[in-house]
2 protein chains.
Amino acid sequence: MNQEPSVFIVDDDEQVRSALTLLMESVGLNSESFSSGQEYLDQFDTSKPGCLILDVRMPGISGLDLQARLSAEKIHPPIIIITGHGDVPMAVRAVTAGAVDFIEKPFNNQSMLDNVHRAIEQDAKQRGESSRLEEIESHYDELTPREKEVLLYVIEGKRNKIIASEMNISQSTVEAHRSKVMEKMAANTLSDLMRMALLLKLIT
Amino acid sequence: MNQEPSVFIVDDDEQVRSALTLLMESVGLNSESFSSGQEYLDQFDTSKPGCLILDVRMPGISGLDLQARLSAEKIHPPIIIITGHGDVPMAVRAVTAGAVDFIEKPFNNQSMLDNVHRAIEQDAKQRGESSRLEEIESHYDELTPREKEVLLYVIEGKRNKIIASEMNISQSTVEAHRSKVMEKMAANTLSDLMRMALLLKLIT
DNA sequence: ATATAAATTATTATATCTTCTAATTTTCCT
DNA sequence: AGGAAAATTAGAAGATATAATAATTTATAT
């Protein structure tokens, strides 16, 4: 079920697209090309693993705009920016905004491949982490409001007796909620639960 | 006991140093100037809060070299790189290596000040976090080897009985170690201990 | 209004954890 | 060799947590 990663190329210049496509093929990497940012936005599928190569200067949506839009949607694939006429402020902006690289054309084929491989690895790592997070979130969503409340107390290390008094309910109720929390979150131990709470950012 | 932050300026050009010094004075910021990377390395004091402004092109150690050296020493003050003749690859390298900004001379005074303020804030935040970490580390260092071993099992959520069998010692011993760990680490609850273990990176 | 889910409580039995006290054995440094 | 720190163990009492079962009261949605 593990999909092969692809390199998603977004550039209005047909020459560049085909050159990159060939380059990727030469090392057995899949690629998909888009001639504009809009075309990518219309067709992209976050379930597909891989990385992006975006040209800065394009009609319509620029590579940097596209980067910003994806970021706003909380979509964070590794992005390599390429440009023919880059300047320093632009490069700084792209990298601080999270681009893994900012490369000027014409680029060196081997270093481009190195960057792509690094980016693909990073994506695979991120995907592993985020699929785990999604699983935990789906468990968390199953909790009732009261159970979530109890969870917060539990991860603070409070004892059932204290939780009961702070929530003005009986200890038995706390125990019932607590055991439901453990069950629904699929946590075997308190430390499992803490780990999950961390990923859910319930803990600072 | 909270020291005022300073801006540490490293540039071989006396003109630039005095201009920056005046700029910082104009908004009430302390600054210290160094005419070379070596001079900074000879005199720097990590206990002083603030940020760095490094020129790229200097005789001897360049700004980027200095950045790399500090990084190798695990010293991570916020660094603003300035340069008269920057290029894109250099900017990308500096930023990916952790520089908060890469600014070309001549720079805009107000935007420089904005960056400096941001950098100083970031430093203050880092210092708060790292002083807490140092406290925890000093506690951790007090643990005996055996206690550290038990700690690892504990944060995995293993029960005393299991720990005892895996370590081939009696449950009583585990209990003794465990209580010493809680005491030495100054942890009131298991969740406290887990939080500390996270900061110590004992947990993935 | 009436099922359904959620929240509440209690009881009992068992398992664990914590704390305290006390003592013995190992290990390591000077 | 002698002493200090570390590691080891035991027992007992009290506090907590867990698991299983059962029952009642609110909410809530169709």
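Within every chain, numbering begins at 1; the chains are lettered A, B, ... in the order of the sequence lines, protein sequences first and strands thereafter. Keep in mind it's a predicted model, so treat the numbers as computed, not measured. Computation of the quantities below employed the complete heavy-atom set of this structure, encompassing side-chain atoms and omitting hydrogens, waters and symmetry-equivalent molecules.
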Grab the [atom1]-[atom2] distance between [X] and [N] for me, whole Å please.
X: B/Lys180; N: D/dT8; atom1: NZ; atom2: P; answer: 15 Å
X: A/Asp192; N: D/dT18; atom1: CG; atom2: P; answer: 13 Å
X: B/Glu175; N: D/dA10; atom1: CD; atom2: P; answer: 11 Å

Salt bridge or not for [X] and [Y], using N-O below 4.0 Å?
X: A/Arg127; Y: A/Asp123; value: yes
X: B/Glu175; Y: B/Arg178; value: no
X: A/Asp13; Y: A/Lys105; value: no
X: A/Glu121; Y: A/Arg118; value: no

With sequence neighbours left out, what residues match B/Thr144 under side chain to side chain donor-acceptor pair (under 3.5 Å)?
-> B/Glu147
Please check: side-chain N/O of [X] versus main-chain N/O of [Y], any donor-acceptor pairing under 3.5 Å?
X: B/Arg17; Y: B/Glu32; answer: no
X: B/Ser130; Y: B/Leu133; answer: no
X: B/Ser191; Y: A/Ile155; answer: yes

Contacted region of DNA chain C by chain A, from 5' end to 3' end of the hits, cut-off under 4.0 Å to heavy atoms, spans C/dA6 to C/dT11
If you pin A/Lys184 and A/Val174 to their nearest nucleotides in DNA chain C, which one's is more 5'?
-> A/Lys184
Residues in contact with DNA chain D, drawn from residues 139-171 of chain A - heavy-atom cutoff 4.0 Å = A/Arg159, A/Asn160, A/Lys161
